Amino acid sequence: MNRFSRRQMLRLSAAAAATPFLNAYGQGEGKRLGIAFLGLGDYATKQLAPAMKLVGNAKITGIVTGSPDKVPKWQEDYKIPDGNVYNYENFDSIKDNKEIDIVYVVTPTGLHAEYAIRAAQAGKHVICEKPMAPTVEDCTRMIDAAKKAGVTLQIGYRLHWDPFHLRLMEVIKTKEFGDWKSIETGNGYKVNNFTGHNAWRITKALGVAGALYDVGVYAVQGALYTAQVNPVSVTAKKSTDRPEIFTEVPETYEWTLEFPGGRKAEGFSSYGRSGNYVRAELEKGKIEISPAYGYGGQKGFTPAGPMVYPVVNQQALQIEGQVAAILAGKPSKVPGEMGRRDIRVINGIMEAADSGQAVKFGNFGY
Ligand code: NAD
């Protein structure tokens with residue numbers, strides 16, 4: 001994803017202003033909130049922090065890390081004072097730091113709950129990366145901690161600020177081309193090497209269910225915001241072609257979500273098979289985004305023709321939108337409750353694949 005100059009960003013903001021679904025909350029009102037990143041791995045270092053240069057209503061004021069070697073570069077790049085550098089042991093004292101309003105949790109999935117809860121207990125708003133946490137119970141503990149502390153909890157679902165996906169949601173909500181009849185979503189690619197810092201992605205404790213959690217959450221999200229209604233049940237199967245690599249988690253999951261009235265969404269996630277799409281059959285034609293889930297490079301069409309949108313920095317728009325919601329005291333469009341619903345669906349897929357039986361969902365509370 002390319003970085004933008006200020007001028008390019010201004011042009012983009014003009015495009016956003018002319019396109020009401022971009023920047024849904026508008027800019028903050030001059031106030032800039034302080035964000036501390038917790039977990040300075042690939043995504044925080046290469047995507048989120050650089051995107052902060054484009055965010056008008058927040059700035060990086062702190063870091064939380066277990067790797068002292070990463071500190072000098074972050075301090076230099078983002079002018080972070082010594083007093084705003086924390087490790088996982090002294091992190092709770094962040095509660096006394098008035099320059100930090102938000103903690104953005106970017107650790108492996110299995111650690112999200114612990115750090116999000118500690119951040120909330122320290123009185124900080126929380127943005128938590130996807131997928132929210134290993135279990136529905138973890139998600140509930142996170143939601144409860146945020147509520148108790150009077151802070152907000154939002155998930156890093158960047159595609160809710162991507163123009164292609166916003167157009168898809170709009171087409172379904174307005175029924176511009178009629179209601180949807182069927183949905184297909186898939187997200188996967190072949191990974192041969194899980195050594196080094198990627199090892200956590202295929203361990204049960206930290207990555208939880210491999211590709212299903214890491215990339216499958218996009219396919220589940222894609223199905224749910226295309227459906228615009230929650231599923232009633234799921235059937236699923238799992239498979240592993242390379243058992244020598246996938247010793248703890250399956251390589252591939254395939255599922256069928258069933259919605260009220262019997263309509264269906266087929267999905268898959270995999271670290272062994274490629275696919276990157278969301279598509280739906282509508283009463284009056286087809287809609288598709290493929291590739292769908294990257295940081296950019298989306299291509300898509302509606303029954304009216306190709307989707308054409310300016311290149312955006314999804315992470316910048318996401319963070320700016322999330323901060324604007326906090327500043328305005330408005331509900332987030334990607335709240336913890338949405339993250340929990342998605343984990344429930346993912347856990348349903350796992351349960352259905354294990355048992356060979358359909359899993360019924362009941363009320364999601366979102
Ligand atoms: P990464 O492995 O590059 O970084 C993880 C960071 O967590 C590292 O800095 C690591 O040192 C730290 N960490 C702290 N405790 C750890 C422990 N016990 N074991 C291992 N690492 C530990 O991973 P990443 O790609 O940066 O992913 C981090 C989070 O961001 C994940 O939740 C992932 O799903 C999410 N992510 C989101 C997107 C997106 O597009 N929204 C993209 C990539 C990653």
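Ligands are counted one by one from 1 in listed order, and the atoms in each one are counted from 1 as well. What you see is a predicted model; the values in this text were computed from it and never measured.
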* Any Lys70 heavy atom less than 4.0 Å to ligand 1 -> yes
* For atom 19 (N) of ligand 1, which protein heavy atom lies nearest, and how many Å away is it? -> Leu206 CD1, 3.6 Å
* **Check: Arg344/Asn347 side-chain N/O donor and acceptor closer than 3.5 Å** => no
* For ligand 1, which atoms sit closer than 4.0 Å to a heavy atom of Leu40? -> 9 (O)
* Taking 4.0 angstrom as the limit, do Glu251 and Arg242 come out as a salt bridge? -> yes
* To do: Check whether any heavy atom of Pro108 sits under 4.0 Å from an atom of ligand 1.
  => yes
* Below 4.0 angstrom, N of the basic side chain to O of the carboxylate: do Arg141 and Asp138 qualify? -> yes
* **Closest approach of any protein heavy atom to atom 40 (O) of ligand 1, naming residue and atom** => Arg158 NE, 2.6 Å
* Part of Asn198 with heavy atoms under 4.0 Å of ligand 1, whether side chain, backbone, both or neither -> neither
* What do you reckon, does Gly41 have a nitrogen or oxygen under 3.5 Å from a nitrogen or oxygen of ligand 1? -> yes
* To do: Would you indicate whether the side-chain heavy atoms of Gln154 and Ile326 approach each other to under 4.5 Å?
  => yes
* To do: May I ask you to check if ligand 1 and Asp42 share an N or O to N or O distance below 3.5 Å?
  => yes
* Touching ligand 1 at all, Gln47? Heavy atoms, strictly under 4.0 Å? -> no
* Under 4.0 Å between a Lys/Arg side-chain N and an Asp/Glu carboxylate O for Glu114 and Arg118? -> yes
* Asked: Is a side-chain donor-acceptor pair under 3.5 Å present for Gln315 with Tyr43?
  -> yes
* Return the orientation label for the Tyr115 and Phe91 ring planes: parallel under 30°, perpendicular over 60°, tilted otherwise. => perpendicular
* Please say whether Gln315 places an N or O atom under 3.5 Å from an N or O atom belonging to ligand 1. => no
* To do: Quick one: look up the protein heavy atom nearest atom 14 (C) of ligand 1 and list residue, atom name and how far away it is.
  => Tyr88 OH, 3.6 Å
* Which of the listed options, Glu129, Lys130, His112, Glu114, holds the heavy atom that is closest to atom 30 (O) of ligand 1? -> Glu129
* Structure fact -> closest protein heavy atom to atom 24 (P) of ligand 1 is Arg201 NH2, 3.4 Å
* Does Glu288 pair with Arg279 as a salt bridge, N-O distance under 4.0 Å? -> yes
* **N-O pairing of Asp342 and Lys130 below 4.0 Å** => no
* Out of Phe37, Tyr157, Tyr218, whose heavy atom is nearest to atom 39 (C) of ligand 1? -> Tyr218
* Of all the non-hydrogen atoms in the protein, which one sits nearest to atom 15 (N) of ligand 1, and at what distance? -> Leu111 CD1, 3.4 Å
* Can you check ring pair (Phe, Tyr, Trp, His ring centres under 6.0 Å) on Tyr253 and Phe268, steps first, answer last? -> CA-CA 6 Å; Tyr253 276 94; Phe268 91 91; over 10 Å; no
* For atom 31 (C) of ligand 1, which candidate among Val215, Thr107, Thr109 provides the closest heavy atom? -> Thr107
* Close approach, Gln314 and ligand 1, non-hydrogen under 4.0 angstrom -> no
* Structure fact -> Gly156 heavy atoms within 4.0 Å reach ligand 1 at atoms 41 (N)
* Closest protein heavy atom to atom 1 (P) of ligand 1, given as residue, atom name and distance to 0.1 Å -> His197 ND1, 3.5 Å
* **Test: Glu99 and Arg32 ion pair at under 4.0 Å** => no
* So, Arg263 and Asp179, do they make that salt bridge, N to O below 4.0 Å? -> yes
* Return yes when Tyr213 approaches ligand 1 closer than 4.0 angstrom through a heavy atom, no otherwise. => no
* Asked: Among all protein non-hydrogen atoms, which one is nearest to atom 26 (O) of ligand 1, and what is the separation to 0.1 Å?
  -> Tyr43 N, 2.9 Å
* **Glu351: partners by side-chain contact (heavy atoms from CB on, under 4.5 Å), with sequence neighbours left out** => Val359
* To do: Please report which non-hydrogen protein atom sits nearest to atom 28 (C) of ligand 1, along with the residue it belongs to and the distance in Å to one decimal place.
  => Val106 O, 3.1 Å
